[in-house]
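Heavy-atom basis, side chains included; hydrogens, waters and symmetry copies ignored.
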Amino acid sequence: MNDLKHRIIMDVDTGSDDAVALILAMLDETFDLQGITSVNGNLEVKLTTENTLRMVEFCNKQDTVKVYRGADLPIVSTLLPNTPQSMAPIPRREGESVPEGLHHASHIEVPKFTIKEEDDSAVVWLINKLRHEDDKSITIVAVGPLTNIALAMRSDPRIIPKIKRIVIMGGADAYAGSNSMAAEFNVWIDPEAMEIVLQSGCDITVVPLDATFSSYITPSDAEEIRAIGTPEANKVADLILKYGTAKMLKGRDEDELRIPIHDALALCSVRYPEVLFTRDVCCHVDTSHGIAYGETVIDKRRGITANQPNCRFAFKADRELFISWIKDVLIRAKDR
Ligand code: RIB
Ligand code: CA
């Protein structure tokens, strides 16, 4: 059992699976959550920030956990003419309602939030926080597009040696996300940002769709989680089902939805690295602007011609361990 305290920063684009990860990060006492940065991704950054604030207040952690609003646009992709990213919905005008219904990343249903984001932007706070770290003890858990992390690295490279590890929910080997034939969503939104981080020399673990799809949660699992009987367990079950219903993730011969709660698996791997089955590989992002823009490409050459590895890439995950961690965190929180 790996029960050392982990000092973490979470970078999120809060939609439903980010929200599950946030609840678990705030309830699992082996995590020391140093702060949360929000980024454009599932929704425009105003809304991902609001959803993040909702989750902090829902967990009653507003006195100790602060939220810093980040980048509202990717570094390059929306500048390009006629790429799908550049034709993404224009950020909603002030006050325009968020589409409720099936989209998993609409406003998260929790009581109205009253807390506000901090004055510092995400990149400013990341640089100041990491610059003043004496020991290399902070793990960044990045579960949205990598825009904030890449901008902070480019703005002040002195932070790079201060980062213990970066765990990224993103990328894919044998899968793609719903927006592209080749790329997973977080990388697809900002391919150049992911490539900047991959080239940083940091200790990087990539938690791709291959791992998150293999550690799916079913509606029956979600109801077992709900049966723990706390408001947090009920909210986690709701969020799992909301994500699954929105994505209708059903295999051809499955009678049940197989719901990948991507971001929570990335967080779980900080505490239980053994939840992931990884290989050290050389991984880069296709930043040309063709059909595979945003694809994470792994060097599959055997032997000495392969490039030096730059990350630990998870090809599979332990579904049982992942689900038992979720239940364990929620049950322990109930008994507190
Ligand atoms: O592809 C899955 C990732 O994209 C998750 O982090 C989800 O929240 C979205 O950001
Ligand atoms: Ca996310």
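With respect to Asp238 and Arg226, a salt bridge is recorded, a charged nitrogen being found less than 4.0 Å from a carboxylate O. Salt bridge status for Lys164 with Asp203: absent, with no side-chain N to carboxylate O gap under 4.0 Å. Ion pairing between Arg7 and Glu133 holds under the 4.0 Å rule for side-chain N and carboxylate O. Using a cut-off of 4.0 Å between Lys/Arg side-chain N and Asp/Glu carboxylate O, Asp210 and Lys316 are scored as not salt-bridged. Using a cutoff of 4.0 Å between basic side-chain nitrogens and carboxylate oxygens, Lys66 and Asp119 are not scored as salt-bridged. Using a 4.0 Å cut-off between a side-chain N of Lys or Arg and a carboxylate O of Asp or Glu, Arg332 and Glu29 do not qualify as a salt bridge.
Evaluation of the ring pair (Phe, Tyr, Trp, His ring centres under 6.0 Å) rule for Tyr175 yields Phe213 as partners, not counting sequence neighbours. Considering only residues two or more places apart in sequence or on other chains, Phe313 meets the ring pair (Phe, Tyr, Trp, His ring centres under 6.0 Å) condition with Phe315.
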Checklist line | side-chain contact (heavy atoms from CB on, under 4.5 Å) between Cys311 and Val281, worked out | finding: CA-CA 6 Å; Cys311 70; Val281 295; 3.9 Å; yes
Item checked: side-chain contact (heavy atoms from CB on, under 4.5 Å) evaluation trace for Cys283 with Leu198 -> CA-CA 7 Å; Cys283 176; Leu198 284 170; 4.1 Å; yes
Next item on the list: Take Asp72 and Glu44 through the side-chain contact (heavy atoms from CB on, under 4.5 Å) test and state the conclusion after the steps.
Entry: CA-CA 7 Å; Asp72 62 349; Glu44 62 192 89; over 6 Å; no
Next item on the list: Please step through side-chain hydrogen bond (donor to acceptor under 3.5 Å, both in side chains) for the pair Thr37 and Asp11, ending with a clear verdict.
Entry: CA-CA 5 Å; Thr37 50; Asp11 187 72; 2.5 Å; yes
Item checked: Glu118 and Arg69: CA distance, side-chain angles, deciding distance, side-chain contact (heavy atoms from CB on, under 4.5 Å) verdict -> CA-CA 8 Å; Glu118 299 303 299; Arg69 180 169 167 167; over 6 Å; no
Checklist line | Pair Ser220-Glu256, side-chain hydrogen bond (donor to acceptor under 3.5 Å, both in side chains): steps then yes or no | finding: CA-CA 8 Å; Ser220 320; Glu256 272 206 294; 2.5 Å; yes
Checklist line | Trace of the side-chain hydrogen bond (donor to acceptor under 3.5 Å, both in side chains) decision for Glu192 with Ser77 | finding: CA-CA 8 Å; Glu192 287 77 8; Ser77 63; 5.4 Å; no
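At least one side-chain heavy atom of Val285 sits less than 4.5 Å from a side-chain heavy atom of Val187. At a threshold of 4.5 Å between non-hydrogen side-chain atoms, the residues Lys235 and Phe58 count as touching. Inter-residue side-chain proximity for Lys136 and Lys162 is flagged as unmet; no heavy-atom pair is nearer than 4.5 Å. Residues Ile127 and Ser155 form a side-chain contact, since some pair of their non-hydrogen atoms from C-beta on lies under 4.5 Å apart. In this structure, Met10 and Ile140 have side chains that are not in contact, with every pair of non-hydrogen atoms separated by 4.5 Å or more. In this structure the side chain of Glu295 never reaches within 4.5 angstrom of the side chain of Thr287, judged on heavy atoms. Within the 4.5 Å cutoff, no side-chain heavy atoms of Ile261 are placed close to those of Thr212. The shortest distance between side-chain heavy atoms of Leu239 and Asp17 does not fall below 4.5 Å.
Checking side-chain atoms of Thr230 against main-chain N and O of Ala233 turns up a donor-acceptor pair under 3.5 Å. In terms of modelled atom types and a separation under 3.5 Å, the side chain of Asn148 and the main chain of Ala71 share a donor-acceptor contact. Distance alone, capped at 3.5 Å, is enough to place a donor-acceptor pair between the Ser214 side chain and the Ala317 backbone. Proximity of a side-chain donor or acceptor of Ser215 to a complementary backbone N or O of Ala211 within less than 3.5 Å is detected. With hydrogens and angles disregarded, no donor-acceptor distance shorter than 3.5 Å links the side chain of Arg54 to the backbone of Thr49. Side-chain atoms of Glu232 do not come within 3.5 Å of backbone N or O of Leu330 as any donor-acceptor pair. Under a 3.5 Å cut-off, the side chain of Asp299 and the backbone N or O of Asn307 do form a donor-acceptor pair.
Between Val197 and Ile149, the shortest heavy-atom contact is CG2-CG2, 4.0 Å. Among all heavy-atom pairs drawn from Pro161 and Pro157, the shortest one is CD-O, 3.5 Å. Across Pro208 and Val206, no two heavy atoms sit closer than the pair CD-O, 3.2 Å.
Of the candidates Thr14, Asn186, Asp18, Asn42 forms a side chain to side chain donor-acceptor pair (under 3.5 Å) with just one, namely Asp18.
Screening residues 283-310 for ring-ring contact (aromatic ring centres under 6.0 Å, His included) gives His289-Tyr293 as the qualifying pairs, with residues at least two apart or on separate chains.
No more than 12 heavy atoms of other residues, nucleotides or ligands shown are found within 6.0 angstrom of CZ on Arg302. For CD1 of Ile115, the number of neighbouring non-hydrogen atoms (other residues, nucleotides, ligands) closer than 6.0 Å is greater than 12.
In the model, Thr296 has no side-chain atom that pairs as donor or acceptor with a side-chain atom of Glu184 under 3.5 Å. For the 3.5 Å distance criterion, the side chains of Asn310 and Gln308 fail to qualify, holding no donor opposite an acceptor. Asp221 and Thr218 form a side-chain donor-acceptor contact under 3.5 Å, judged by distance and modelled atom types alone. Checking Thr114 against Glu57 by side-chain atom types alone, a donor-acceptor pair falls below 3.5 Å.
When the side chains of ILVMFWY residues are joined at heavy-atom separations under 4.5 Å, either directly or via intervening members, Tyr216 and Val20 end up in two distinct hydrophobic clusters.
Atoms CD1 and CD1, from Ile225 and Ile240 in turn, are 4.0 Å apart once rounded to the nearest 0.5 Å. Atoms SG and CD1, from Cys268 and Ile323 in turn, are 10.5 Å apart once rounded to the nearest 0.5 Å. Distance check, rounded to the nearest 0.5 Å: CZ of Arg165 to CD1 of Ile204 gives 10.5 Å. Note: Thr147 OG1 to Ile75 CD1 = 5.5 Å, rounded to the nearest 0.5 Å. Rounding to the nearest 0.5 Å places CZ of Arg271 at 10.0 Å from NZ of Lys5. Put simply, CD1 on Ile228 and CD1 on Ile331 are 4.5 Å apart, with the number rounded to the nearest 0.5 Å.
Using cut-offs of 30° and 60° for the angle between ring planes, the Trp325 and Phe31 rings count as perpendicular.
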